[in-house]
Amino acid sequence: MTSPRKVHIKSFGCQMNVYDSFRMADTLAPEGFAETGTAEDADLVILNTCHIREKATEKVYSELGYLRLLKEQAAADGRRVTVAVAGCVAQAEGKEIMRRAKVVDLVVGPQSYHRLPGLIARAEGGERVVDTEFPPEDKFDILRAPSREATRRRGVSAFVTVQEGCDKFCTFCVVPYTRGVEVSRPVEKIFAEVARLAEAGVREVTLIGQNVNAYHGEGADGRDWTLGKLLHRIAEVPGIARLRYTTSHPGDMDQSLIDAHRDLPALMPVLHLPVQSGSDRILAAMNRRHTRAHYLAVIAQARRARPDIAFTSDFIVGFPGEDEDDFRATLSLVDEVGYSSAYTFKFSARPGTPAAEMDDQLPEDVKSERLQRLQRAIDRQYAAFRAQCVGRTFDVLFERTGRYPGQLAGRSPYLLPVQVMAPASMIGAIAPVRITEISANSLFGVLAGHDARTHAPVLAQAGA
Ligand code: SF4
């Protein structure tokens with residue numbers, strides 16, 4: 001019997017890439033590829049790349065430099081290693097990658113992952129293959145579902161892609177070019193995928209999409225359903241206790257989604273709503289299609305629907321033409337909203353986007369200084385949000401064993417990591433935990449009804 005070949009998939013960037021990497025592994029499993037955590041013993045290495053972060057392309061080339069050495073060593077040992085580049089950098093710069101990096105056998109864009117077995121067979125046959133098409137068939141119909149065993153291995157919390165692509169064309173963003181136009185999966189296919197995950201022990205599902213709240217998939221009634229309606233349907237899956245979704249656009253927050261926050265206890269009280277800037281002038285230059293006032297109105301609506309909701313966001317500082325007043329408008333918006341955390345980025349031009357061609361690009365030192373000021377404001381809010389957790393009790397979903405013996409690691413409804421002394425049998429369970437301490441990265445707590453020092457159950461005293 002031949003031993004299975006091994007595939008190592010290295011994922012960069014967003015949750016969509018993490019999900020895509022799992023689906024690639026699931027599609028390759030029936031072809032005889034077992035997953036491995038290291039490139040060194042793999043027969044096939046796939047870099048699943050991200051184009052959003054600064055220097056993403058350089059990162060890919062530096063990885064490829066290492067893989068070239070690995071491939072040469074393997075060849076000297078009489079072993080063939082196939083190297084593939086997938087994801088958004090592959091989509092945007094596939095031909096250039098092939099030209100610059102001879103180590104690469106295959107470039108595959110996100111819309112073609114269902115074709116991987118055939119593409120890899122061609123690459124293994126000695127052909128250098130590029131597939132960055134937007135094929136007419138629905139890749140989700142063809143991509144394989146994970147086995148029960150693979151789902152178990154991946155834990156109690158899972159991502160499910162419900163929507164891909166974006167039609168918004170923000171002037172700084174490559175997504176509309178790399179992922180194409182908005183496409184939504186039909187409701188019942190998503191329901192079936194979530195039901196399969198739940199049967200394998202998943203308790204929390206995060207519905208993902210580049211612009212997830214633009215979801216408009218076909219429902220069982222033949223009509224287009226909103227994300228709010230989809231969330232109601234998914235909440236019916238037995239065993240699914242927690243729902244989340246990301247990433248949303250402020251212009252697509254409709255009433256059904258706000259109502260879902262009010263009506264669905266399973267929908268966790270966190271809304272990640274990127275704003276990018278607090279200045280209307282910059283929002284217009286970014287082609288964000290919403291104003292500061294609209295954004296704040298959505299925040300207020302969500303707070304009315306779910307008073308304990310927390311907000312997170314994405315910000316870009318130093319967009320072309322941003323002056324000190326624009327930047328101060330961003331700082332004042334941060335004050336006004338009060339975030340639990342946020343991602344902050346310095347503007348960096350993405351080739352092929354309109355913002356890259358704008359005249360009034362800002363000097364690096366101005367961008368860096370603004371980034372630091374914004375980050376300080378966000379850090380203060382993050383620290384305050386975590387500090388007010390101490391003494392409170394949260395339901396924690398236990399995900400895995402913790403750092404120390406006897407400890408489990410889980411997440412609060414607000415996604416904060418929580419470490420608790422609890423038996424391993426509680427992995428997958430949700431239990432109330434009283435937060436006793438915070439550190440730089442985690443909250444620490446004790447199971448409700450347990451002693452904070454000994455972690456033993458507190459027994460009720462016999463009454464007189
Ligand atoms: S809405 Fe989001 S994904 Fe779409 S273009 Fe704008 S930043 Fe990119």
Output, in order, the C-alpha distance, side-chain angles, deciding distance and verdict of side chain to side chain donor-acceptor pair (under 3.5 Å) for Ser157 and Glu204.
-> CA-CA 5 Å; Ser157 186; Glu204 175 179 85; 2.7 Å; yes
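- With a 4.5 Å cut-off on side-chain heavy atoms, His216 and Glu182 count as touching.
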For Asp323 and Arg370, run salt bridge (Lys or Arg N to Asp or Glu O under 4.0 Å): C-alpha distance rounded to whole Å, both residues' side-chain angles, the deciding distance at 0.1 Å, then the answer.
-> CA-CA 10 Å; Asp323 62 21; Arg370 287 183 189 163; over 6 Å; no
Verify side chain to side chain contact (heavy atoms under 4.5 Å, CB included) between Asp105 and Lys71, making sure each step is shown before the conclusion.
-> CA-CA 11 Å; Asp105 302 290; Lys71 193 170 174 168; 2.7 Å; yes
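- Remark: side-chain polar atoms of Gln361 are not paired, donor with acceptor, to backbone N or O of Pro320 under 3.5 angstrom.
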Using the side chain to side chain donor-acceptor pair (under 3.5 Å) rule, take His272 and Asp314 through it: C-alpha gap first, then chi angles, then the decisive distance, then the call.
-> CA-CA 8 Å; His272 181 65; Asp314 295 340; 3.2 Å; yes
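- Looking at Val433, Leu416, Val420, Thr436 one by one, the single match for side-chain contact (heavy atoms from CB on, under 4.5 Å) with Leu443 turns out to be Leu416.
- In plain terms, the two heavy atoms of Ala90 and Thr132 that are nearest each other are O-CG2, 3.5 Å.
- A side-chain N or O of Arg350 and one of Ser348 form a donor-acceptor pair less than 3.5 Å apart.
- When each of Phe315, Phe385, Tyr382 is checked for a ring pair (Phe, Tyr, Trp, His ring centres under 6.0 Å) with Tyr339, only Phe315 meets the rule.
- Taken to the nearest 0.5 Å, the CG atom of Asp167 stands 11.5 Å off from the CD atom of Gln210.
- With rounding to the nearest 0.5 Å, the separation of CZ in Phe398 from CG in Leu408 is 6.0 Å.
- To the nearest 0.5 Å, atoms CG (Asp20) and CD1 (Ile46) are separated by 11.0 Å.
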List the steps, then state whether salt bridge (Lys or Arg N to Asp or Glu O under 4.0 Å) holds for Lys6 with Asp43.
-> CA-CA 5 Å; Lys6 291 186 182 163; Asp43 304 284; over 6 Å; no
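- Residues Leu67 and Leu69 form no side-chain contact, since every pair of their non-hydrogen atoms from C-beta on lies 4.5 Å or further apart.
- Judged purely by distance below 3.5 Å, without hydrogens or angles, the side chains of Asn48 and Ser21 pair a donor atom with an acceptor atom.
- Of the possible donor and acceptor atoms, none in the side chain of Gln381 sits under 3.5 Å from a partner among the backbone N and O of Ser341.
- Here the side chain of Arg281 pairs a donor or acceptor atom with the backbone of Gly321 at under 3.5 angstrom.
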In sequence, state the C-alpha distance, the side-chain angles, and the governing distance for Ile316 and Met286, and then conclude on side chain to side chain contact (heavy atoms under 4.5 Å, CB included).
-> CA-CA 10 Å; Ile316 295 175; Met286 288 175 164; 4.0 Å; yes
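- For the pair Arg386 (side chain) and Ser439 (backbone), a donor-acceptor distance under 3.5 Å is present.
- Between the Thr161 side chain and the Gln163 main chain, no donor and acceptor come within less than 3.5 Å of each other.
- Here the side chain of Arg411 pairs no donor or acceptor atom with the backbone of Val418 at under 3.5 angstrom.
- Nearest heavy-atom pair across Val237 and Ala195 is CG1-CA, 3.7 Å.
- With Asp252 as the fixed residue, the side-chain contact (heavy atoms from CB on, under 4.5 Å) test singles out one of Asn213, Leu227, Leu257: Asn213.
- Put simply, the side chain of Gln91 does not reach to within 4.5 Å of the side chain of Val174, judged on heavy atoms.
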After noting the C-alpha distance and the side-chain angles of Leu64 and Val104, does the key distance pass the side chain to side chain contact (heavy atoms under 4.5 Å, CB included) rule?
-> CA-CA 8 Å; Leu64 288 173; Val104 177; 3.7 Å; yes
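- Counting all heavy atoms, side chain and backbone alike, Leu397 lies closest to Gly428 at CD1-O, 3.8 Å.
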Would you check, one step at a time, whether the test side chain to side chain donor-acceptor pair (under 3.5 Å) holds for Ser112 with Asp131?
-> CA-CA 7 Å; Ser112 300; Asp131 187 340; 3.0 Å; yes
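- The shortest heavy-atom contact between Ser184 and Gly217 is CB-N, 3.4 Å.
- Judged by distance alone, with hydrogens and angles left aside, the side-chain atoms of Arg5 form no donor-acceptor pair with the main-chain N or O of Gly32 at under 3.5 Å.
- A salt bridge is absent between Glu218 and Arg185: the closest approach of a Lys/Arg side-chain nitrogen to an acidic carboxylate oxygen does not fall below 4.0 angstrom.
- Inter-residue side-chain proximity for Tyr295 and Val275 is flagged as met; some heavy-atom pair is nearer than 4.5 Å.
- Nearest heavy atoms, Leu374 versus Phe327: N-CZ, 4.0 Å.
- For the pair Glu63 and Phe12, the minimum side-chain heavy-atom distance is below 4.5 Å.
- Here the shortest heavy-atom pairing between His249 and Asn211 reads CB-OD1, 3.2 Å.
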For side chain to side chain contact (heavy atoms under 4.5 Å, CB included), just list the numbers for Lys102 and Arg128, CA-CA rounded to whole Å, side-chain angles, deciding distance to a tenth of an Å, and then say yes or no.
-> CA-CA 9 Å; Lys102 299 286 177 252; Arg128 297 187 79 214; 4.1 Å; yes
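- In this structure, the side chain of Asp41 does not engage the main chain of Thr36 through any donor-acceptor pair within 3.5 Å.
- Side-chain atoms of Thr206 do not come within 3.5 Å of backbone N or O of Arg244 as any donor-acceptor pair.
- Side chain of Thr171 to backbone of Ala285: a donor-acceptor contact under 3.5 angstrom is found.
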Evaluation steps, salt bridge (Lys or Arg N to Asp or Glu O under 4.0 Å), between Glu96 and Arg99 | CA-CA 5 Å; Glu96 177 65 8; Arg99 196 184 62 75; 3.0 Å; yes
Kindly determine whether Glu322 and Lys367 satisfy salt bridge (Lys or Arg N to Asp or Glu O under 4.0 Å), including the steps that lead there.
-> CA-CA 10 Å; Glu322 182 191 75; Lys367 293 196 263 182; over 6 Å; no
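- Side-chain atoms of Leu230 and Val162, non-hydrogen and from C-beta on, do get closer than 4.5 Å to each other.
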Derivation and outcome, side chain to side chain donor-acceptor pair (under 3.5 Å), residues Ser368 and Asp365 = CA-CA 5 Å; Ser368 299; Asp365 57 338; over 6 Å; no
Test log, rule ring pair (Phe, Tyr, Trp, His ring centres under 6.0 Å), inputs Tyr245 and Tyr215 = CA-CA 11 Å; Tyr245 62 91; Tyr215 178 83; over 10 Å; no
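- Between Leu44 and Ile120, some side-chain heavy-atom pair lies under the 4.5 Å cut-off.
- A cation-pi arrangement is found for Arg100 relative to Tyr61, the charged atom lying closer than 6.0 Å to the ring centre and inside a 45° cone about the ring normal.
- Residues passing the side chain to side chain donor-acceptor pair (under 3.5 Å) test with Tyr66 are Glu40, sequence neighbours excluded.
- Proximity of Val45 to Thr82: side-chain heavy atoms (C-beta onward) are nowhere separated by under 4.5 Å.
- Salt bridge annotation for Glu324-Arg373: present, with a cationic side-chain nitrogen under 4.0 angstrom from a carboxylate oxygen.
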